[in-house]
Amino acid sequence: RCLLNLRYIKINMDNKIKSIGVLTSGGDSPGMNAAIRAVVRTCAYHGLQCQGIFRGFQGLMEGDFKEMGARSVNNIINKGGTMLKSARSEEFKTVEGRKKAFEHLQNANIDALVVIGGDGSFKGARELHKEFKIPIIAIPGTIDNDIFGTTHTLGYDTALNTVVEVIDKIRDTASSHNRLFFIEVMGRDCGHIALNAGIGAGAEEILIPEENLGVDRLLESLRRSKESGKSSSIVVISEGGKIGKTVFELKDYVEENLSEYEVRVSVLGHMQRGGAPSCFDRVLASRFGVKAVESLMDGKSNFMVGLRNDAIELVPLEKAIKGSTQVDMELLRVSDIMSI
Ligand code: F6P
């Protein structure tokens, strides 16, 4: 530990980062490749070495590294997923696992890390930084948009567009057959995707974890919808919704209580995580990558890059981990008005 700390002091005394490692961890999201590209090319621009670390923290513990230059990230800005692959690692949650990871970093002469992922990945990065003082900057990448300190995470905008596009198609069937559709979207603990895609796709009702609408209010709302002359309806439900029923149980319950409705369920699932990133996500990834590398060069560590008021800012990693995001509840009111 003592020796490791000496290395830390050396890094900070001459403040020279010569080689940066980049990895993606946790659930993939569109824009991760664009962020890898941005990190690699910013390193190349500044004459730094860059090593791609495969399979997230698991690959870090196994020394699964590959040197990357500006040309090794050709033609990936438009690709979903992550060329570096991603993994969830139990072993990295142990000190022994992280020690292994640090030894591989030392052997490969990697001075600093850029970690692209969600808050689980940030916790791993925080521990590595705490124990071994390796400089780290995190880039928020998850479709859920549930990271404090940034108005947008990488992949969120793309996922919204994917969900809206799919609901538009489902609407064709809903209106042709006078049906009610329950559409479950991702968002383990938060309703950003459901709320925004729901408004964008013109949903009649939106169920999010932040608000317990209750089944009876849902029935009431569907009844009103029918009375107002609507022949079909779309209800968007966040997977983390607190209504106390699965989307399939909800279908049965509504059909039992509102016999005039024929209900179909669509669980959108992982299609929301794939596909080419939107222009917004590509630009955001490029800005995040440049800021991450240049912050490390500047001697900064233990921060996340975030977007606020269209500027890229550094947010203390601890704050990003501990803080929670809020959905804009005014959007629920907007949705209510729109679905009159
Ligand atoms: O990436 C976040 C997320 O999409 C959540 O909304 C969802 O609950 C989870 O990933 C599912 O991921 P996996 O199937 O990879 O465990």
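Worth knowing before you read on, the calculation uses all heavy atoms, side chains too, and leaves out hydrogens, waters and symmetry mates. Each ligand, and each atom within it, is numbered from 1 in the order the structure gives.
When the heavy-atom distances from atom 8 (O) of ligand 1 to Glu239, Gln272, Met186, Arg88 are ranked, the shortest goes to Glu239.
Counting side-chain heavy-atom gaps under 4.5 Å among Ile, Leu, Val, Met, Phe, Trp and Tyr, Ile340 is found in no cluster with other residues.
Per-residue contacts place Asp144 under 4.0 angstrom from the following atoms of ligand 1 (heavy atoms of the residue considered): 2 (C), 3 (C), 4 (O), 5 (C), 6 (O).
In terms of N/O distances under 3.5 Å, ligand 1 is approached by Gly187.
The 12-atom threshold is not exceeded at NZ of Lys319, counting heavy atoms of other residues, nucleotides or ligands nearer than 6.0 Å.
In this model, a donor atom of one side chain and an acceptor atom of the other lie less than 3.5 Å apart for Thr158 and Asp281.
Residue, atom and distance of the protein heavy atom nearest to atom 9 (C) of ligand 1 are Arg273 NH1, 3.8 Å.
Not counting sequence neighbours, Asn309 has no partner by the side chain to side chain contact (heavy atoms under 4.5 Å, CB included) test.
Remark: Lys322 fails to qualify as a cation-pi partner of Phe148 under the 6.0 Å distance and 45° angle criteria applied to the six-membered ring.
In this structure, His270 has a heavy atom closer than 4.0 Å to ligand 1.
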